[in-house]
Amino acid sequence: MTLAPDDAPDEIALAAALGRLATDGITLACRRIRPSDENYLLPAEARSISARGAERRRASGAARLAARTLLSARFGEAVEIPRGPSGQPLWPDGVIGSLAHDDTMAVAAVASVGTIRSLGIDVEPSLPLPDELLDLVVMPNDHTGDLEPSFAARLLFSAKEAVYKAAFPLDGRFLDYSDIAIDLPADHATTRTGHRFQLRHLTFPRIVTLAFF
């Protein structure tokens with residue numbers, strides 16, 4: 001990813017880490033969410049997310065700008081990635097991808113069709129999952145090895161978010177956290193719809209999870 005002169009230290013650190021995470025034809029980029037990033041939404045994108053709040057539009061603009069850095073050599077700077085009717089990004093022909101953001105950072109992952117079949121990404125702060133979410137996310141069929149429980153739960157949350165994004169385009173079915181089983185030591189996930197995904201993740205400077213097959 002080409003970095004701009006105003007890149008923040010956390011953005012630079014995450015971009016370097018994403019370079020080490022990329023695999024199997026998947027390319028990754030990030031952008032720290034900045035004031036007025038909603039202005040980077042192109043016309044079809046802005047129309048497709050017009051009902052969202054200002055903060056979500058700003059994050060969506062940052063994520064799409066990151067994606068365009070990965071797609072520009074193939075499609076030019078003006079490639080549009082509108083939001084589909086179920087919230088999924090709509091990619092140009094020949095590309096699969098995924099977008100994600102937390103409160104301050106946006107990430108994008110793309111690959112060519114045929115390199116892999118499906119792809120999902122998630123980004124989270126490197127902090128324990130809040131206690132009130134533990135029972136919602138952590139299920140008996142999840143395996144976390146010897147990781148500290150609250151931090152392992154954040155990794156599970158991130159993995160399930162990434163898996164959902166990778167699974168939804170395959171059959172259009174909505175999944176709950178209980179529908180996704182994660183094995184962190186083995187780096188794979190399975191869904192009740194019969195899909196099995198490989199997982200890769202970072203834990204610093206942010207938690208980023210890739211799910212793909």
Side-chain angles (χ1 to χ4, degrees), residues 1-49 56-84 86-102 104-123 158 161-163 165-170 197-202 205-213:
M1 176 180 178
T2 301
L3 297 173
D6 64 342
D7 285 323
D10 58 346
E11 186 179 53
I12 294 169
L14 183 58
L18 291 178
R20 298 188 294 271
L21 184 66
T23 184
D24 291 345
I26 301 167
T27 56
L28 306 170
C30 66
R31 177 175 173 83
R32 184 174 180 83
I33 301 167
R34 292 169 169 80
S36 300
D37 269 359
E38 65 271 20
N39 294 329
Y40 287 109
L41 291 169
L42 298 177
E45 298 168 346
R47 288 192 299 271
S48 70
I49 62 172
R56 299 295 296 275
R57 288 170 59 81
R58 190 171 300 126
S60 294
R64 283 161 172 80
L65 183 59
R68 279 192 276 276
T69 67
L70 301 173
L71 298 173
S72 61
R74 182 170 176 179
F75 296 100
E77 295 290 344
V79 59
E80 292 186 308
I81 312 165
R83 185 174 184 260
S86 298
Q88 77 280 18
L90 302 178
W91 298 91
D93 290 344
V95 170
I96 60 173
S98 185
L99 305 174
H101 64 84
D102 59 19
T104 59
M105 192 72 70
V107 294
V110 301
S112 296
V113 170
T115 305
I116 58 173
R117 186 178 174 193
S118 194
L119 171 64
I121 193 169
D122 183 69
V123 59
S158 180
E161 291 288 315
V163 167
K165 292 178 182 180
F168 183 80
L170 299 174
F197 296 92
Q198 296 181 60
L199 301 175
R200 286 174 61 90
H201 65 260
L202 300 173
R206 263 177 168 72
I207 292 171
V208 178
T209 303
L210 281 177
F212 59 95
F213 81 97

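Small disclaimer: the values here were computed from a predicted structure and weren't measured. Note that these values count all heavy atoms, side chains included, but never hydrogens, waters or copies made by symmetry.
Atom OH of Tyr40 is surrounded by 12 or fewer heavy atoms from other residues, nucleotides or ligands within 6.0 Å. Residue-environment remark: CZ (Arg56) stays at or below the threshold of 12 foreign heavy atoms within 6.0 Å.
Across every non-hydrogen atom of Asp93 and Phe75, the tightest pair is O-CZ, 3.6 Å. Across all their heavy atoms, Ala106 and Ala59 have their closest contact at CB-O, 4.2 Å. Minimum heavy-atom separation, Cys30 to Ala15: SG-N, 3.6 Å. Here the closest non-hydrogen pair linking Ile81 and Ala67 is CD1-CB, 3.6 Å. Between Ala29 and Ala66, the shortest heavy-atom distance links the atoms CB-O, 3.6 Å. Of all non-hydrogen atoms in Ala63 and Leu99, the two that sit nearest each other are O-CD2, 3.7 Å.
Side-chain polar atoms of Thr104 and Arg206 form a donor-acceptor pair below 3.5 angstrom. Side-chain N/O atoms of Asp122 and Thr209 include no donor and acceptor closer than 3.5 Å.
Residues Ile207 and Asp102 fail the side-chain proximity criterion, which asks for heavy atoms closer than 4.5 Å. Taking 4.5 Å as the limit, every side-chain heavy atom of Arg31 sits out of range of all side-chain heavy atoms of Thr69. In this structure, Arg74 and Pro92 have side chains that are not in contact, with every pair of non-hydrogen atoms separated by 4.5 Å or more. Asp10 has its side chain within reach of Arg32: a pair of non-hydrogen atoms, C-beta onward, lies under 4.5 Å apart. At least one side-chain heavy atom of Arg64 sits under 4.5 Å from a side-chain heavy atom of Arg83.
Going from atom CD1 of Ile33 over to atom NE2 of His101 covers 6.0 Å, rounded to the nearest 0.5 Å. Taken from CD1 in Ile96 to OG1 in Thr115, the straight-line distance is 7.5 Å, to the nearest 0.5 Å. A distance of 10.5 Å separates CZ in Arg57 from CD in Glu45, rounded to the nearest 0.5 Å. Between atom CG of residue Leu65 and atom CZ of residue Arg34 there is a gap of 9.0 Å, rounded to the nearest 0.5 Å. Considering CG of Leu119 and CZ of Phe197, their distance stands at 10.0 Å, rounded to 0.5 Å. For the atom pair Leu41 CG and Arg47 CZ, the distance stands at 11.5 Å (nearest 0.5 Å).
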From CA spacing to verdict: side-chain contact (heavy atoms from CB on, under 4.5 Å), Ile26, Arg200: CA-CA 11 Å; Ile26 301 167; Arg200 286 174 61 90; over 6 Å; no

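Among the candidates Thr23, Val107, Leu210, the single residue satisfying the side-chain contact (heavy atoms from CB on, under 4.5 Å) test with Leu28 is Leu210.
When atom types are taken as modelled, the side chain of Ser118 and the backbone of Ala166 share a donor-acceptor pair closer than 3.5 angstrom.
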